[in-house]
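One structure is given here, and the rest of the page talks about it.
Both ligands and their constituent atoms are indexed starting at 1 by order of listing. Just the heavy atoms: all of them, side chains too, but no hydrogens, waters or symmetry mates, feed the values below. Source: prediction; values computed, not measured.
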Amino acid sequence: MDIKNGFVATVGNTPLIRLNSFSEETGCEILGKAEFLNPGGSVKDRAALYIIEDAERKGILKPGGTVVEGTAGNTGIGLAHICNAKGYKCLIIIPETQSQEKIDTLKTLGAEVRLVPAVPYKDPNNYVKVSGRVAAEMDNAIWANQFENLANRQAHYETTGPEIWSQTDGKVDAWVAATGTGGTYAGVSMYLKEKNPDIRCVVADPMGSGLYSYVKTGEITPEGSSITEGIGNSRITGNMEGAPIDDAIQVDDRECIRVIYQLLNQEGLFMGGSVGINVGAALALAKQIGPGKTIVTVLCDGGARYQSRIYNREWLASKGLLPS
Ligand code: PMP
């Protein structure tokens with residue numbers, strides 16, 4: 001018998017998918033870790049589970065307690081599922097710029113959702129800071145604190161990294177991923193570098209994020225903006241501190257949308273916006289390092305969460321991003 005014990009045991013062990021059209025185009029093996037197949041629909045299920053189980057082990061999350069988090073949506077969705085499965089309450093602070101689909105999903109899952117204006121991290125009313133204050137003021141509540149809580153990258157160091165290593169039989173030349181908290185990028189990079197220091201670890205960055213300039217010049221100088229959600233940062237989070245970084249690749253929204261529609265029309269994969277940045281960066285990396293290499297990236301979440309945005313022609317046109 002092969003039966004998973006509930007939602008929690010179903011997190012992780014996702015397939016690694018060869019992206020055929022992109023692989024043929026570049027002569028590299030371009031592989032996507034299918035994180036959209038997690039039971040809560042995104043890569044963040046892994047971090048949510050590790051954060052909750054770490055708090056349980058430390059005795060700070062007690063029966064009937066509340067998990068509070070500031071999130072662009074996916075971490076909140078993962079937390080809300082796990083809270084339901086384990087009997088906790090969930091309170092989510094989310095910037096009002098995030099897609100309605102993610103906000104509606106959080107509400108359907110029974111999380112209390114508080115929308116806040118999207119303001120920069122340095123502002124005390126930034127969603128991350130609000131979530132920390134709200135958690136501190138509540139009884140029997142924990143702050144998941146995904147940006148600084150290292151249980152986040154530990155999830156990827158202990159699960160995503162080893163899965164990629166064994167799924168490729170260790171034949172991986174490069175790993176490239178965009179970062180939100182950096183948990184996925186850092187955990188996988190740290191694991192793969194330990195296995196083989198020659199594996200090239202590359203940060204993918206959308207416009208409007210400061211990591212590309214940080215890697216290239218040592219200064220965080222973001223330029224432009226991006227329609228992608230859940231990725232990009234203007235600071236080095238706790239989860240990114242000490243992570244191996246060999247290089248960075250910047251991908252703009254036009255290329256992101258082109259890639260998203262190629263994934264849809266030629267690969268049959270209906271993906272979220274951050275996947276366009278990841279696969280766009282994998283393509284650019286393939287061109288840099290030449291054919292014959294194996295490049296792994298992440299398929300973070302599915303497209304249904306963005307139906308009203310990147311899959312809506314009027315919305316795309318309003319952003320000047322309608323693909324030809
Ligand atoms: N893609 C999407 C759609 C996300 O929601 C997130 C997390 N916010 C990421 C990528 C980045 O993941 P991480 O936080 O592990 O860097």
Checklist entry - For Thr221, what residues pass the side chain to side chain donor-acceptor pair (under 3.5 Å) criterion, not counting sequence neighbours? => result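 Residues passing side chain to side chain donor-acceptor pair (under 3.5 Å) with Thr221: Ser213.
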
Could you pull out every donor-acceptor pair under 3.5 Å between side chains of residues 46-54 and any protein atom, sequence neighbours left out?
| from | atom 1 | to | atom 2 | distance (Å) |
| --- | --- | --- | --- | --- |
| Arg46 | NE | Glu35 | OE1 | 2.7 |
| Arg46 | NE | Thr160 | OG1 | 3.3 |
| Arg46 | NH1 | Thr159 | OG1 | 2.9 |
| Arg46 | NH1 | Glu163 | OE1 | 3.4 |
| Arg46 | NH1 | Glu163 | OE2 | 2.9 |
| Arg46 | NH2 | Thr14 | OG1 | 3.2 |
| Arg46 | NH2 | Glu35 | OE1 | 3.4 |
| Arg46 | NH2 | Glu35 | OE2 | 2.7 |
| Arg46 | NH2 | Glu163 | OE1 | 3.0 |
| Tyr50 | OH | Glu158 | OE1 | 2.8 |
| Glu53 | OE2 | Lys86 | NZ | 2.9 |
| Asp54 | OD1 | Lys58 | NZ | 3.4 |
| Asp54 | OD2 | Lys58 | NZ | 2.9 |

Checklist entry - If you look at every heavy atom in Cys300 and Asn278, which pair is closest and at what distance? => result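 Looking at all heavy atoms of both residues, the closest pair is SG-ND2, 3.4 Å.
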
Checklist entry - Just checking, is any N or O donor in the side chain of Ser21 or Gln262 under 3.5 Å from an acceptor N or O on the other one? => result yes

Checklist outcome for this item: Contacts for ligand 1, heavy atom under 4.0 Å, by chain and number, are Lys44, Asn74, Thr179, Gly180, Thr181, Gly182, Gly183, Thr184, Glu229, Gly230, Ile231, Ser274, Cys300, Asp301, Tyr306

Result block: side-chain N/O donor-acceptor pairs under 3.5 angstrom for residues 2-10, not counting sequence neighbours:
| from | atom 1 | to | atom 2 | distance (Å) |
| --- | --- | --- | --- | --- |
| Thr10 | OG1 | Gly6 | O | 2.7 |

Checklist entry - How are the rings of Trp175 and Tyr185 set to each other: parallel, tilted or perpendicular (split at 30° and 60°)? => result parallel

